[in-house]
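Note on naming: letters A, B, ... go to the chains in the order of the sequence lines (proteins, then strands), and numbering restarts at 1 for each one.
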Protein chains: 2
Amino acid sequence: MEQEKETQHQNSEERLKEAARIEFMRKGYAAAKIRDIAKAADTNLALLNYYFRSKENLFQIVMAENVDKLFENILPVLNDSNTSLEVKLVLISKLYTKMLLDEPSLPIFVLNEIQTNPEGFGNQIRFNQNVMNSHYITQLAETDKDTDPIHHLITYLGMILFPFVMKPVMQATGAILPEKFTNMIKQREKLAPVWMMTLLNLPGLPSSNSVDV
Amino acid sequence: MEQEKETQHQNSEERLKEAARIEFMRKGYAAAKIRDIAKAADTNLALLNYYFRSKENLFQIVMAENVDKLFENILPVLNDSNTSLEVKLVLISKLYTKMLLDEPSLPIFVLNEIQTNPEGFGNQIRFNQNVMNSHYITQLAETDKDTDPIHHLITYLGMILFPFVMKPVMQATGAILPEKFTNMIKQREKLAPVWMMTLLNLPGLPSSNSVDV
DNA sequence: GTCTATAGAGGGATAGAC
DNA sequence: GTCTATCCCTCTATAGAC
């Protein structure tokens with residue numbers, strides 16, 4: 001019987017992992033200090049090393065979960081051969097917008113760590129395989145036979161992700177107030193699929209102005 | 001008479017600054033070591049501190065120049081009230097593509113440093129003012145009266161910049177070979193303006209299929 | 001499992017000779 | 001201006017008591 005497990009805090013190991021996730025994300029690997037992580041988790045250095053052996057190892061664990069997060073929910077959508085391209089576009093926008101509003105600094109963090117240390121990501125190849133061989137890619141290629149589907153993949157992902165990548169710039173320079181940002185994102189969640197359908201010369205969803213089904 | 005100034009290397013100060021730029025960009029601020037910077041510049045720690053007083057100060061100098069680089073060439077284009085929106089779109093694509101092919105890791109580096117330390121960039125506000133008050137923004141607003149021009153600003157910048165942001169991911173996962181990347185970018189340089197004109201419902205450039213002047 | 005204390009290495013900065 | 005040697009602090013990791 002492990003009844004009162006959720007009272008107050010989880011166990012030390014989970015608290016440490018969560019604190020690490022936050023600290024690494026905020027400062028980056030090199031600038032993050034395991035002393036601060038331990039303190040944020042309300043424990044100490046020795047315990048952190050007891051559970052995770054080293055800073056590097058703790059980082060790898062946290063990082064793998066972060067990368068998973070960026071793909072796990074989206075892959076089933078990309079590979080569903082029962083949905084139209086239009087529906088996929090809408091779902092992709094919804095899923096990423098939801099996730100990124102919850103974790104706005106995840107993209108830059110992940111991208112930067114890969115750029116500064118690409119060797120650590122050879123094992124993530126499977127994700128790529130799953131994306132590049134997906135039903136979504138096939139549909140893009142069939143819809144626009146003149147253009148490499150990777151262009152549309154990147155373009156659409158950029159429509160959704162790029163505002164989050166630019167968020168720090170927009171806010172540091174005062175281009176947009178913090179509260180307005182969420183508002184802008186909510187608008188884009190609807191606009192991005194429409195834009196993409198325009199680029200692909202698709203009629204749009206049945207619910208708006210198309211003909212059948 | 002300072003005739004033979006360009007022989008072999010520049011002076012130590014310039015070599016140090018250049019080495020710093022490379023090292024900071026590759027590793028990020030925290031992971032970069034001034035010992036390595038000094039070594040790469042073929043000199044030593046003491047001289048680096050003699051010229052720049054501290055790692056932090058050297059970084060600020062290099063960083064300011066990097067941010068400038070991202071704006072200096074583009075602002076005149078955005079503010080030229082004698083060019084059509086179509087022409088601006090083409091020029092923006094050309095300028096950024098050229099610059100980024102030369103400095104592919106600049107975007108993530110700058111974005112990450114801003115995300116991890118936003119306070120250091122309050123002084124860059126002037127750039128933002130210049131962009132948000134530009135002729136380009138006015139033209140976007142007039143062309144699509146229903147949409148906040150910041151959406152189109154972001155969308156178009158994303159079309160051009162986002163592939164560079166994703167470059168490390170695409171290459172680490174093997175989605176695209178290093179040589180193919182340049183090829184893909186060259187294609188996008190032409191495609192991006194066309195896509196954007198489609199989104200804005202513009203007829204296109206005179207040279208392609210439009211009517212007058 | 002959890003803690004205190006400390007070993008050990010690395011990196012930023014400076015002193016001082018030339 | 002340029003160098004060698006060194007100071008000193010910070011951070012990771014571990015030893016060892018409880």
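Between A/Leu16 atom CG and C/dG1 atom P the separation is 13 Å, expressed in whole Å. Regarding A/Tyr51, its OH atom lies at a distance of 17 Å from the C1' atom of D/dT14, rounded to whole Å. Between A/Asn44 atom CG and C/dG1 atom C1' the separation is 11 Å, expressed in whole Å. Straight-line distance from the NZ atom of A/Lys27 to the P atom of D/dT10: 15 Å, rounded to whole Å. Straight-line distance from the NZ atom of B/Lys39 to the P atom of C/dG11: 10 Å, rounded to whole Å. Atom CG in A/Asp42 sits about 16 Å away from atom C1' in C/dG1, given to the nearest Å. Summarising the geometry, the separation between OH on B/Tyr29 and P on C/dG11 is reported as 14 Å, rounded to the nearest angstrom. Rounding to whole angstrom units, CG of residue B/Leu47 and C1' of D/dT2 are separated by 6 Å.
Residue A/Thr43 places none of its side-chain N or O atoms closer than 4.0 Å to OP1 or OP2 of C/dT2. Checking the phosphate oxygens (OP1, OP2) of C/dT2, a side-chain nitrogen or oxygen of A/Ser12 falls inside 4.0 Å.
For A/Glu103, the side chain to side chain donor-acceptor pair (under 3.5 Å) criterion is met by A/Arg21, A/Lys69, not counting sequence neighbours. When the ring pair (Phe, Tyr, Trp, His ring centres under 6.0 Å) test is applied to B/Phe162, no partner is found at least two apart in sequence or on another chain. Partners of A/Phe164 under the ring pair (Phe, Tyr, Trp, His ring centres under 6.0 Å) rule, at least two apart in sequence or in another chain, are A/Phe181. B/Tyr51 is linked by a side chain to side chain donor-acceptor pair (under 3.5 Å) to nothing, counting only residues two or more places apart in sequence or in another chain. In this structure, the side chain to side chain donor-acceptor pair (under 3.5 Å) partners of A/Lys88, at least two apart in sequence or on a different chain, are A/Thr83, A/His135, A/Gln139.
If you check every strand for non-hydrogen atoms under 4.0 Å, B/Ala38 touches nothing. Nucleic acid contact class of A/Ala30 (heavy atoms, under 4.0 Å, all strands): none.
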Nucleotide by nucleotide, 5' to 3', does protein get under 4.0 Å of the base (B), only the sugar-phosphate (S), or neither (-) in nucleotides 13-18 of chain C, counting heavy atoms?
BBB---
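Each of B/Ile34, B/Val62, B/Leu58, B/Thr43 was scored for a side-chain contact (heavy atoms from CB on, under 4.5 Å) with B/Leu16, with one residue passing: B/Thr43.
By the 4.5 Å heavy-atom criterion applied to side chains, A/His151 and B/Leu191 are counted as neighbours.
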